[in-house]
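Let me begin by presenting the structure, written as structure tokens, before commenting on it.
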Amino acid sequence: AAGVIQSPRHLIKEKRETATLKCYPIPRHDTVYWYQQGPGQDPQFLISFYEKMQSDKGSIPDRFSAQQFSDYHSELNMSSLELGDSALYFCASSFQTKLGEQFFGPGTRLTVL
Amino acid sequence: RKEVEQDPGPFNVPEGATVAFNCTYSNSASQSFFWYRQDCRKEPKLLMSVYSSGNEDGRFTAQLNRASQYISLLIRDSKLSDSATYLCVVNAHNQGGKLIFGQGTELSVKP
């Protein structure tokens with residue numbers, strides 16, 4: 001069965017650079033979520049989209065923005081990267097927000113040097 | 001205080017043992033409950049949803065007590081492949097559907 005696809009899988013950036021992470025949800029899933037997991041931490045919710053509209057916002061820095069496109073894929077844009085942004089970034093998708101179980105992609109490991 | 005609290009672990013058990021994980025949540029509006037497992041540096045994978053009536057999937061049994069805001073996971077006949085971090089997860093529908101994770105409990109099953 002098709003799973004959530006994330007790209008790139010690994011990304012190395014310098015401080016103050018920008019990064020774009022991409023997520024392709026499971027076909028027919030209408031909701032995308034972004035989570036950040038720092039070393040030794042549990043995943044923390046960043047932002048979500050339902051039917052291409054932002055549905056909820058968590059602890060996402062103002063330097064980050066995201067959107068969901070007409071084909072339901074989503075991109076997380078990160079600017080002015082800081083060392084503390086180094087983490088695993090997971091995208092998850094579900095069908096029907098609020099009720100659906102969420103299925104996670106393999107994540108993007110971002111390292112900021 | 002975290003919104004979802006779990007046993008700190010780690011749990012080190014021999015193969016074949018039965019192990020139980022506990023979890024409490026603070027938001028009484030929470031409506032969906034899950035156990036996810038996460039292997040090192042991999043994505044969380046849904047293990048099972050948890051229902052008020054309790055549910056079982058093979059060697060795994062999950063229980064939910066809404067009155068006590070308490071969730072449990074029982075693993076019987078532990079296998080080496082069960083070694084992972086087990087995450088108690090809550091979805092509070094009045095918070096837009098986001099998942100709220102416990103800090104996870106590490107399980108190590110030894111031969």
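Here is the naming used below: chain letters follow the sequence lines, and residue numbers restart at 1 for every chain.
- Contact of B:K2 with chain A is made through the side chain alone, with heavy-atom distances under 4.5 Å.
- Chosen from A:G105, A:P43, A:G107, the residue pairing most often with chain B at heavy-atom distances under 4.5 Å is A:P43.
- Residues B:M48 and B:L46 are not in side-chain contact: their nearest non-hydrogen atoms beyond the backbone lie 4.5 Å or more apart.
- For the residue pair A:W34/A:S74, the side-chain donor-acceptor check at 3.5 Å is satisfied.
- Side-chain contact annotation: A:R9 with A:T108, donor-acceptor N/O pair under 3.5 Å absent.
- Aromatic pair B:Y86/B:F11: ring centres not closer than 6.0 Å.
- Contact count against chain B (heavy-atom pairs under 4.5 Å) is highest for A:R109 among A:R109, A:Q44, A:K57, A:Q37.
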